[in-house]
Each structure stands twice: as C-alpha cells, then as structure tokens.
Amino acid sequence: MKSETAGAPSAKLADAPSAISAAVSAASIGGAAARLGRRLFGRRTAGVDRMAFGLVALLTIAAVVGPFVTPYDPFAVETSEALRPPSAAHLLGTDDVGRDVLSRLLAGAGLTLLSAAAIVVLAAAVGIVVASVAALLPRRADEAIMRACDIFMSIPSLVLALGLAAALGPSMLSIIVAMVAASWPSTARLMRGILRETMSSSYVESARILGMSRPRLMLRHVLPNSLDAIYVQASMEISGTIVMISGLAFLGVGAPPPSPDWGSMIAEGQQYTTTAWWISLFPGLAISLGAIAFGLVGDAVRSFVDPSSRRSS
Amino acid sequence: MNLHKRKLALTLLSATTAMALSSCQLPTGASSGGSGSAKQSTIVIGSSNTAETLDPLQSSDAHNDFNLAPMYDRLVDFDAKGEMVPKLAEQWTFNGDATQLTLTLRKGVKFHSGNSFTAADVVYSLDRAKKIGSGAASFLSDYASSKATDDLHVVITLSKTDLDFIGALSQIYILDSNLVKPNQGSDNAQGWLGTHEAGSGPFAMGTYKPNQELDLTRNKDYWDFDDKRPTSIVLRMINDSSANRDEFLAGNLDITMGLASVDVDNISKDSKYEIVNIPAPRQTYAWLNMQGKITGDARVREAIQLAYDYNGHLASALGNQGSIANSILPEGIACRVDAGKPQQDLEKAKQLIKAAGVEGASITVAYQPSVREFNAAGTILQDSLKKIGLNAQLKAVTFPQYSALVSKPETMPDVALAWDFAAFPAAGPMLNREWNSALAGQTNFTRYSNPKVDALLKDGLTAADQKQACSDFQEVQQQVIADHALLYIAYPAVTMVSDKRVGPIPFSPTQQDFNVGTLRMAK
Amino acid sequence: MKEPLVHGGGALLSIANLTVSLPERQRTITGSGDLTLVEGLSLDIRPGERLALVGESGSGKSLTARSILQLDPALKLEGSITWKGCELLGASRRVLQKVRGAEISMIFQDPMTALNPVLTIGEQVAEPLLVRGVPRRKAYARAVEMLDRLGVPKAKERMRAYPGQFSGGMRQRVVMAAALVAQPQLLIADEPTTALDVRVQEQVLDLLEEQSRELNLAVLFITHDLAIVAGLAQRVAVMFRGRLVEEKPVDELFDHPDHPYTQGLIGSIPRIDLDPDTRLTTVEDYLVLQGGAHHE
Amino acid sequence: MYKFVLRRLGFAALSLWGVATIVFVISKLIPGDVARVAAGRLATADQVAHMREVLGLNDPLFLQYTGYISRLVQGNLGTSTITRQSVMGDLGAVLPTTIQLVLLGMFITVLIAAPVGIAAAVSEGKAADVAARIVLVTSGGVPVFWLAIMMRWILGSVLGWFPISGTNSVDGGPPTVTGFTVLDSLLFGTIGNLADSVFHLILPALALSAPFVSTLARLIRSNMMTALKADYITFAISKGVPRRRVILRHAFRSALGSVLTVFGMQFGWMISAAVLVEAVFGLPGIGSYLYRAIINQDTFSVLASVVVIGFVFIATSFIVDLLQMAIDPRVRHAQLGAA
Amino acid sequence: MNDVLLRVEGLSKTFGSGRRAHQALDDVSFELRQGEILGLVGESGSGKSTIIRCLVGLEKESSGSIRYQGINPAAASKSELHRYRRDLQMVFQDPYSSLDPRMTVRRIIEEPMLVMGGYSERERRERIHELIRLVGLRDEHLDRYPRDFSGGQRQRIAIVRALVVEPKVLLCDEPVSALDVSVQAQVLNLLKDMQRQLDLTVLFVSHDLAVVKYLCTRLVVLNRGRVAEKGSVPEIYENPQDAYTKALLEAVPVPNPAAERERRARRLGLAVAR
C-alpha cells in the first residue's frame, strides 16, 4: 500500500523547539485528517459513521455561519411575544422574554461547540505538558506527579467542576477553567501512559542512544508518534464535555444571560421544561445530537486509528 | 405491566395506612367516620420551601419560616390589614421614652410537650436569640435584657428608644425552655432544634425527614383551637416547580405554589382547582449605586427608571402574577407614600443619557439567578438599557456573594435586582435598614447617604408618637424617590393553586408566602 | 504444483483442492475483490502419521491448519475437507464442536497466550471433557493423569494454579495436555515451539513424538523451521505463497528437493553441523535462477 | 498480602489528605463573606463581626487549614452555617438516599450493560453491533438531567406509571431508622413500604444509569472484542467448547478485569451525577445537599460533602482493588509477585 | 592485548528492589577485539540483551565497568561521550518497531548524522545514497515510509542507520530473530559482507547457536546472567566445557533427517525406526 501523507519532513532540527513541535503537530494533524478523510469516504465506512460525520459537519457550519443567518435578533426582548409555541413566524417558538429560540440556538452553536472544544484542547494540552514534564523528570518525580493526578481524580470531575465553577462565579470562562481543572489529571494520566508506551519503542531508543537530548527526543519522536492516540482521546472527550457543560449550566453555574449557549438556554427554560417545552427542548436536542454525533465520530476515529489496524498494510 | 404494579403498590399502601391509623389514632367525631375522614382532613402542601433548619431563630429565612410558623407561637402578630394582634402576649405597654416594654402573657397556654407556657420561656427565647446573634436576632438589635416579674409578666429593657420593638417581636418564636434546656449542649440547642420542635403552635411535629417532608398533626390542646383546621398537614419540600405541578396534577398535593405562569394559566382552565393570588410583603427593586461612576449621576438613575419595561416585567418575569409597584415600600405597610406607577419613556431616558454624556457606557447588573423573576428581569433590563445606549453586563451572584460585593464601594455593582421585604408591617425599620448612611454596604444596598434622611430616620424611630414617626418616614420616602435611588418595580404575588378541599387562605404580613397555621378545611 | 502422493484411501483427514480466501467485505485495507490466501491445496494424513507443513510467514500454512477446524469464521473456504470420510466444510456447528478437541485438536505457537489467564489450569485442561458431559471429578482425574503423563510435576496440586504461575515450557505442556485429554486422533501443532528456548523446544518435540507413537496419534506439524522437522516428521509438505509446492517423505525432501523454493529454503538455514564458511543461499538466488518474478 | 493492603491504605490516606486540601483551597476561592451568610441576611455589622470571630475566620490561613485538617481527622466535619447542624449529621441523613439510589443505578447499569456489551462484541460489525453502538452512544450523549426530566414527565406525569418525586408517597414511608428507605422497609416496615420505596427509586436510578450503561457496555464490548480475538479463545474453540461457554466463561470472565475497575470508579461518578438527577426527582440526597450548600455558600457543608464524596470514591476504589485481586489472578500476580 | 576495543568488566545489573529484585546480570566480563564478530548467546532471560542496553546507555549498570578505547562512558567528558556514542551503533531486534513510522527512510537515516553533527548537507546526501545502494535498496526507496517495506528491508534500513555515522562497533541485538529463514540468510550475509568491507567490529546477540556459528568468530555463553563459557567458536562447538553449553548445543536441531532421528531415538530410548 502506498502512502504519501503522515508527517511532512519540513521541520529542521536547528529550528527553535517550539517551531518544530508546531510544525510537526500541524503536519501530523494534516496527515491524520487526510488519512481519516480517505477512510471516511472509502467504501467501507459504515452508514452511521457517515451520518455522524455529516452531523458534525453540519454543527460546525452552524457554529460558523449561525450568528449571521438568525431570522431574528437573538438578544432582542419582545415581552409581548413571550412564550409563543413553534409557529411559522417562530419556527422553534419564543422564550419567556419573547426571544426567538431558533435564532438563539444558531447564535449559540459556536459558543457551545467552541467552549467544549476549548475545554478538550486545553485539558489535553495541560495533560500533555504535565505528562511530558513527568516523563522527562526522574522516576521519583514522575511518580509523585502521577500520584498527585490520582489524588485529583478521587474527586469526581463533575463535583470538582461544580465547586470550582461556583467558586469562580457563573460565566463561560469559569466553566472552561473549572472543567479543564477537573479533567486535566485524567488526561495527564492517559497521556503519560501513551507517552511511556511510545518512549519504550525501539525507534525512540534508537534516537536516545545517539545522545539526543530528552526534550528533543520528546518533540521529535515521542509526541508526534503519540498524537494519534491523543486525537482519539480528544475526540472521545468532546461528547462528554458537551454534556457536562450543559449539566453545569443546569445547576446554575453556566454563562449568565443573555448568553445564548445551549446549556444556559436549557437552564433558562428549566422552569418551562414541560409546559413551554420548546424553550429547553430544542437546545436539549441540539446538545444531545451534538454529543451523540461527536460520540459516534470519536468511536469512528478510534477504530480508524486503532493501533491494531495500523500495521495492516 | 407497570400500571398494574403501581396499583398493587397503592392497594398495599392504603391497607397498611388504615391499620396504622386504626391502631393509634383517636377516633374523630367527623360524620363520615373511620379512617376515611382522617385521611380527608389531611392537607398535603408542596412547595420549594425546603427548611435548612427547624431552629426557630432562623425564621428570618423564608424557607425555614414557612415550615416553622405552624409549630410555634409568637408574642404578637399582624393581621391581614396590618393591625397588630395579640398572640401569646395579651397586652404590652411601653414606658415613657419607649426604652422598656412590659408584656402580659396569655394564661393557660401549653406547649406540645405538655409544659405550661410562662414568662421564663419568653426570657429564655429572647436571651437565646441575643446569645446566638444570627437569624431573627437581627430584629432584636435594641434588646438589652428581660426579666420575668412573675409567671405572666415580662419586662424587657431596650438599649435605646424603639417603638417598633413590639412589632419586631412578631418575628420571634417562643420556645419551651423546660424542654430545650436539657438539650442545650454547647451550641444553645441549635443542633437539637434543627430537627426537633419545642413550640406551642396550632400544629405539632409528627415526623420530620430533612429536605423532604414535615408531617404536622393538629394540636388539640391549642389555646385557639379550631376544628376546621385539618387534622394533619404534610409539607413536602419539592424544589422543582414542574415537579410540584406534576405532583399536584397527579392528585398527590392539595396545595402548591411557585408554579410558572404558563402552568397557572393552564391549571386555571380547570374548574376543579382554585387559584389564589396572595399579596406578598415583598417587593422587587433594582438598587442603584448612588456612588457609582455612572449611576452616581442622578440623570442616569432617572434614565434607567424611565427605560425599564415595567409592563414587560409584569408579563414576562411575573407571568402577570402580581402588580407594578407604586411605592418604595411593600404593600400592607402603614405610612407608605404613593409615588404612582412608573412609566417607560425611552425618549426622555435617551435625552437624559445624552445630557449625562455616558452613551455607550457599560454598567454592571447583579442578580440572583436562583430567583426566576430576576432571570427574566435581568434580561429585560439589559435589553431596555441597550435601547437608551447603556451596555449592561449581567452578573449572576448568590446572595452571599452579593453581600460581599456591596460591602466595598469598589466592588459594588451599579444596579442590583433584588427582593426586599418587611419582616413585619412597619415602615421605620425597613426604611432605616435601606437608607441609613451608617448601614451603607450592609443592608443599605445603594450606599445612599443623605444627612437629612439620616436625621429624619433617627427622629422617626425614636419618636414616641406614631403620627410624628409616620410623617418623618413619609418625608424619607419622598426624598429617596426624588433622588432616584432605586427602581421600584413590582409587587410579586404568591400564587397558590389548590384543590377545593382547602378553605380560603388568609394573607399574613409577617409571612413570605402564607402562614400554614392559618389553614382551614373548606367545609 | 504436484498432486499429493496418496489420495483418499486410508486417509484420516483428507484435504482436497482447498481454497481459502478473505471476502471483500472483510478486508480492512483498501483493495477490491476477494483476497485468495490458500489456493487449491490437497493433502492427506494417515492415522498415526506425522506430517510437517513447512513454509515461511504468509505462505498460508497456518491458515490451512486453522481451516481444518474452521477457526476463522471470516474466511471463505472452498474445496473439501473430509474427516474419516465425513465432510467438515459446511458441517453444522454441532458437528464441528464434536470433532474439535475430541477427534482433532490443536495447539498453538505461543503458550503464553493460549491459556486463559483467569481460569485455572485444571479447568482448562479438563474442559474438553467437561463440555462433553464427563462428570467433573472424573474429568479432573483424567486431567491430572494427562498432566502427569506430559511431565508436569505435582500435577494434582497445580490444577488449581493459574497460567501466570507457569513458565513457557510448562504452559506448552499444559496446552498439550488440554489438547490430548479427550484422546483425539489428530493433533494439529501450529508452530508449537517457535516461542520457546532451544532446550525447551527439544523437550516439547520429544513429547510430541512420544505421544504420537504411544497413542497412535496423527500429527500435523506446522512450522517455518525445516531443521526441527527433520527428526520429527515422516512426510513434509512445503507451502509457498498459498500453494503446496512440494510434498515428499522427509529424507527425500532433504536429499533431493525438487522445487527451487525448497532448495532455497534448505540452503538458507545456518547449520551447526557445517563449516561456517559455506555461504548461505537465499530463496531469491534460486527463484531468480528459475526466472521467478520475486521481489520483496 | 498485608503489605499490599497496607500500602494501598497508605495511598488512600494520602489521597484523602489531598482531597481535603484541594477542597480547602477551593473553599477559600469562593467569593463572598461566610460570616455574613452565617449571621443572616439582615444582620448588622456587629453581628457579622461576632460571627467571624466565632467561625475562626480572623485566624491566619495556615491556622484555619491546620484546624480544619485536625478536626477532619477527629471525624468532625464542622457545623453547617445554614442548618446549624453538625455536617456529619446532615450528611448522615442525606447519604443513605444517594447510596441506595446509586446502588440501584449500578445494578440497573450492569443488568443492561453486560448483555448489550456482550451481544455487541459477539456480533462485531454486524447490524446488531451497529444498533447497540447507536443506542449506547445515544444514552451516553443525552444529558442526564434532560433524560431525567423527560422520564419524569412522560413516565411519571403523563402516563402515571411511576412516582414523580420524593422517596416515598405521603403515608408510604417506613419509619426512619437507618435512612435507607429500602432497608428500613425491609426491617421495620411493611411490604407496602418496600414496594413504595423501591418504586420511587426506579425512575431516578434508570435515568442515572443511562450514561453509565453507555460507558460500561462500550467497555465490555471492546474488552470482549479483544478477549474474543485472543489465542486462548481460539484454543478453547479448538477444544470443542460450545460458543456460549466460550463467550461467557472464557471471554467475559477475562474481559472483567478493567470492567471492575471502571465499575468501581462509576460509583464515585454516579454520586456526582446524582447531583443532577436528585434535583429533578426531588430526592434529598447528597447531590441536592451539595448543590444547595454551594448556592448558599455553606462552606463547611461544601467542604464536607466533597470530602465525603472523595472518601466514598477512595474507599470504593480501595475495595475494588482488593476485589480485583481476589478474582483476577493476573492482577494478583502483578501485585504480589509470582508465588 | 592492544587489539581489545571494548572491555566489559564485572558488569552486574539488578532490576527492581526488595522482594521483587531480579538480578539480570551477575559479574559479566568479556572483551571485544578489533575486527571480530563476537557472539553473545543464551536463552531468554540470560541477560544478553541487557548487556547491549548497558553498553549503549539505555540501562544503567548496577556495578562493573565498560571501557572503550580508554573511554569509560560512565565518567566520560562530553567529547569522549560523543565519540563513544558515535563509534558504538546498534541494530535492534524488531525491524517493525525500530523505525519511526512518521519519518521517511531518508530522514531516518539522516537523523544520526544530524545528531552527531559534522556532516555537510552534501556529505549527508552522498552517504545516504551510497549506503542505501550498498544494502541493496534503491534511491526511490528513500522517500517512502517504513510501513512500505518488508521486514528484511526494514532491517537493512536499520543497518544503514547504524552504519551511517561510520561506527567502529556494531551492536546487534537479535537482528534476525524476527525474520523468516530466507530473509534471515540475506541479512546475515549482508552483515558478514559489511563487517568485511567496513572493517567493523560486531557484537552479535542471539539465541540461535546455528546463526552464531555461521557468523561469529568468538563466543560468550550466558546462563542466567552469568558467563558460562567463552572462547573461540570452533573450540566451544567442538569441545564445550560447561554443562549448560553442552546442553544448549545438544538441543540444536540439524536439518538432516537421519542424524536427527538417531539423536532423538537415543534420547527417547527408542530403536531407530523408519
């Protein structure tokens, strides 16, 4: 089997380490995406996966163009129009102060998905940094760091995030901070496992015996080769993160009004869940759909990048 | 299949209930007889008033008070018209400068424990409040000491002249000191009273499942016994309003409140149910920061008043349950000044903003997201202000956070949506709390500071003559209104939904929702 | 390609014109059409006979062996496999279950992974009997006996042990015990010594031969290593790229290999009994000589 | 063995200390004046100052910390500033509700997850597997509280099949002895009490288990799939072991290892997910308690609830580790060294 | 003896500690002489790979010393260490995992030169092309990824990577044990050729006594971390002194049916039968 993707040999060793890592990760993200794409549109992709990818694409489009195509001003209060059920004028109804639910849904897509993505990416980044540092430090320090992660992990992340978000005050930013703070230890632990596995492979050892410094080793061999596992991890996390954000919003520590992020919309419609059901049903559906689509995509990505299928060429 | 199971469970249930009742309940003289009648006069109330503690000192929290009121008695109370009525105290007299108050107590009152009520119980209850210093103790700031001269007479000494002190006593529940003392422990019985009861009220505690359910049984030895009171009351603490609605519609509740307006509208179509709107002794305000960078300017404050969509508030935030305010004091209080209902006037507001030169400026609006009304009000305010060129940033805060923010001038929000209420229908204490410059940053939520108002308040509070006091307080109100220190927005009503088994529910000005102790059966 | 020497008559197992392929929908890597892995293979095994099937990785030798018991449901099998005259291809699951373990059993390359780490040795050895309704007590007694026979010390006590407590050599004995406990007539040994050290390998090979002789057990020995076949097998079949290229009695094969691939294979084995200066030949050398289009 | 238990206990203690410390730091981050909360909303400045003194809030931070830790060691979780009760007592009252909910939730989780996971693994790549995958991803993707609301609405309110809220019907509850309504019904109540108690738990437990069914079933599926590809499975098949036994005895048994670990951790996660479900069904458990404590800024209760949840989490993972050692010889060997 | 290139003395290595301690190497001493191929044989767990890992610094020895042309890597200066690392290169066992899957063959081969430094871009390019042809691969292979190659080809690439910085000593850790016999022969032949052409000194770790006999001139036999026997290949193969060595040699199968049958029959106490 031929392949011309995976990792462009562009970065020169003489460059600054950060440049290398940036280039390497950019190149491998590109490579992975290309590989993924080929698999996706190959004949053997399950219909479910295509649908999920389609849905994710749709959500992404909604997130990008959503704010520009809203039928109404998503923030305009029109108290005389409050609590209108779905109709031709308001396809998804209006909320308790008369704002158009569809418009708010569209306006909030980006916010919701972006914050979920931000949480996953940041937690992964913190996790990778901690795991890398741990991997570079002597064994004892490494163990101490991992123990610290274990301790953090003995507080269930929802409780920790709830406590932290409450402490930081209700805002999207504090939710992001709280969620990252609550989820980095498990990410770090996972990353540590992944890095450790990569580090013990003989191609890394073969670079090690040349006297390549550990940080350089990390950037040049270990991290790029751990990325696949990291993508899988990250893609699996997004779904859960979307759900968790909405849970925090439901508990009242979400973004304050008039933020149209979906979690906050549910929280605002909480009192009307079953009477003026449209206020929270649609954001609830959007969150569920998003979570399900990302969940399926995460699954698919995992089976694509599964290490056992990697050698099959 | 599930349906079948449910039925099975219910049959089993009623069988056991019948057994339990026939074995331990005294037969009641009701006409229908048997266990059925006992069941019929049980009223089940669902509300979000989940008691944090049953310690009567914590009655300043409306959630607690709702549960406490039927179990305890106070010395005095106010009736629906705001008139003071005797309860455990039959008579009260101030000395000349109103620094000493003598109470004559009701004879023959018994606590649920069987202990007789005496002056010692009053002294104990007041001293305990002073010692602990929290909750309802805040109404007793002028209390110095008290003394039982005999079983039925108490002399209370105040630290300064305070004519309203007698009104404040309506907030203090009287404890059975002989019962409490042995359980006092090291925390003045705060722990014990949290889950136990030591009152003399119309209902005694049956079982208590914290955060869930309080079962009350009628006190057959009550001094004001009335057999129209239900034989038992179950208070179910259900925080979610839609769960309340669903339980009510499923027939599991007789009374529920705090439903969303849509739900109320739907339920009102069904003649099986009764919808009662009770005025509440509370009011919705938007406090304006008198010393704020932007709101420090009276023109801006007036503009905000003119910008707000009051009708929208009534319609959306309150679901038409309540009315637009016409005073800076809640309803049912003497000496209120009628300021007229505020009107939205965007044009004028815009001009004022332009004149003040603050177009496009940002201001902070604090609100408590746990109160539904504020969520909508915040959004409406934000939208209203946008129309006059002010950019409002909403800041959701818990009450403790809000208190902390207010305590420092630099963290003080420009606008704060809040409820305030008169614990008892007297203008003085409430006005003093809100507008006295000495209390700025504590209970004076606007940092209002006006020497003239301070002087008037002092004069009014220490006036031995009610009339004089009243005119002082009215002048205070006029001054505050003239200073545009706040948006007086609405009087939110308590909407109660009940089936027809329950009689009319009277308004009680010392109670946030209603006094469970006053419930009567319909027949 | 040659026809096998004997066909049909007296054979215990007879494979005729077996083709193994991977159906298109099962292929994980891109490519279209069914992927043929073994093509037109015919082979007989007589009772008590030790036949070696030799080939390098990818030659299809293991697939052939696994196809006899139809262990890979994803594969498409064509042709015929008859066991004592009965057709196994297309047989019901019940029939296959009856044959597996009791008439034909199999042992595998890696003794470390062939045993379930969470079940006791006893259960795993006695299992072929247990699943056929032999009472537990009796089955376990037979298992102990079998372990004893295969030289597992303290067999009775170790019935309760788990595979983790055994060395590789011991595990292969346990695996053999499980394979032989129900007294099958054919044992398929799929590279059973590849993962073992040379001394243990010798022991296992000895055991195999011993059991084969004592129980009149036919053995189909799959391996890539011609050297170990030399002493064990009576007949050798050589596979190359899914086809049978040569099948002969063992002495003949080593003395006169016909097929260039076999020649290359024999020439490429480093020999302890020869002068190290003899340069190793490679398969390529022979195939190139023959004009075969082979590249890696 | 003892050494392992001791080492594991040591780590559990260390974790507890860590949890306590993290929680203390968070509590100090929460803005707002604890003393004012304690004194009540209408308290005067003097009363607040008095309260501050009583609560030790004027002490240096370090002293507050050491005091807090030493009280914790004595099992004193402090006094709630809202309920005025010993937090220990408060939690004692709410924990049973949550624990029985979580136990039932876990029971339901296993009941659904195991067969679905196994079935999906066995039919890998086929329609049944795809269907199972969609169902599982869905149950994992729908927000728990949302599902709870929908279940309450449709199954509770509209169809009337299940109770809507609370742990018991009016008159339906057993006498409160242990606080576990199910246990109390069994020991001191009637069959009616028992039916009523269990009945009230079913819907919340079902909602609670949804995301966990998803995780657990997917884990079982992937573990089973790995196990089914293992050599020992092929060997078992070649021994003539029937398919059923291959799947249940060989594959499922060995897939159970990490399943147990995750299952143990789910206990902790479920307690936190209970925060969402309890709110919807009006169950007076630790979830509702914690949520209210956070909203009311009841610092001691927040600290204590999180510490207790952490404790339960640590304790379960400890027990799970021991259990796993008991049932999985692989782990036993890794931990104790080959015998 | 001034032709000794590398001397290992009293090398010991213990993994873990306490009850779980496992002594992998126990007082191992041997020397590697200029231009020879020294075989290091033993069964799995004999510690043979650990020796190589200690030599290249992947493991730290517990005690003992390594000396290469006067350099003690444990106490070497920076420049000495640089020379040591350059002069000793290693070929790993598994050709599937020893090449970074995300790098082209060119980058894989170039990397040691970049890390060691001192090669101009042109030099690098020329060396790569020269060596890749030497091992029988073609230029167009350079821009492919490891996954496009067979095991034998990968092992050739790995050999090129080791040789590209002109080492004096090549350390081979079971380089052919993962390969098919016919491919193994190619690699063995290649190694033999390279050793001659480039005047390499080779330390060859293997479990296969036949392979060692074919390739090596001298031999060290390891048994559970200890040296059982050492000497020249003919000496040991014809007249082993140590019982363990004897047993090992005795167990090696020979592709000669008659001889094998006889041997086995002898062991099993059977009459030689056909």
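When reading the values below, keep in mind they use all heavy atoms of this one structure, side chains included, and skip hydrogens, waters and symmetry mates. Fair warning: this is a prediction, and the values are worked out from it, not measured in the lab. Just so we're on the same page: letters track the sequence lines, and every chain starts at 1.
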Any donor-acceptor pairs between chain D and chain A, under 3.5 Å? If so, list them.
unit_1   : atom_1 : unit_2   : atom_2 : d
A:Asp49  : OD1    : D:Arg133 : NH2    : 2.7
A:Leu251 : O      : D:Tyr291 : OH     : 3.0
A:Asp299 : OD1    : D:Arg218 : NH2    : 3.0
A:Asp299 : OD2    : D:Arg133 : NE     : 3.2

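- Between A:Ile292 and D:Val137, the shortest heavy-atom contact is O-CG1, 3.3 Å.
- At a 4.5 Å heavy-atom cutoff, D:Ala293 makes no contact with chain A through either its backbone or its side chain.
- Among the candidates A:Gly163, A:Gly247, A:Ala291, the residue making the largest number of heavy-atom pairs closer than 4.5 Å to chain D is A:Gly247.
- When the side-chain contact (heavy atoms from CB on, under 4.5 Å) test is applied to A:Ala117, no partner is found at least two apart in sequence or on another chain.
- For a residue to count as touching a neighbouring chain, one of its non-hydrogen atoms must lie under 4.5 Å from one of that chain's; by this rule D:Val307 does not touch chain A.
- Neither the backbone nor the side chain of D:Val277 comes within contact range of chain A; no heavy atom of the residue lies under 4.5 Å from a heavy atom of that chain.
- Interface summary for chain D: among A:Leu289, A:Leu285, A:Leu162, the most heavy-atom pairs under 4.5 angstrom belong to A:Leu162.
- Counting only residues at least two apart or on different chains, no salt bridge (Lys or Arg N to Asp or Glu O under 4.0 Å) pair has a member in residues 160-173 of chain A.
- Nearest heavy atom pair, residue D:Gly140 against residue A:Val243, reads O-CG2, 4.2 Å.
- Chain A forms more heavy-atom pairs under 4.5 Å with one residue of D:Ile314, D:Ile22, D:Val142 than with any other, namely D:Ile22.
- For chain A, the nearby part of D:Phe11 is the side chain; its heavy atoms alone come within less than 4.5 Å.
- D:Ile26 has its side chain within reach of A:Leu164: a pair of non-hydrogen atoms, C-beta onward, lies under 4.5 Å apart.
- With a 4.5 Å cut-off on non-hydrogen atoms, D:Leu16 does not touch chain A at all.
- With rounding to the nearest 0.5 angstrom, the CG atom of D:Leu276 is 5.0 Å from the CG atom of A:Leu251.
- Between D:Ile271 and A:Val159 the shortest side-chain heavy-atom distance does not fall below 4.5 Å.
- Residues satisfying the ring pair (Phe, Tyr, Trp, His ring centres under 6.0 Å) criterion with A:Phe250, sequence neighbours excluded, are D:Phe145.
- In this structure, chain D has no heavy atom under 4.5 Å from any part of A:Met244.
- Interface remark: A:Leu281 contributes backbone and side-chain atoms alike to the contact with chain D (heavy atom separation under 4.5 Å).
- Both the backbone and the side chain of A:Phe152 come within less than 4.5 Å of a heavy atom of chain D.
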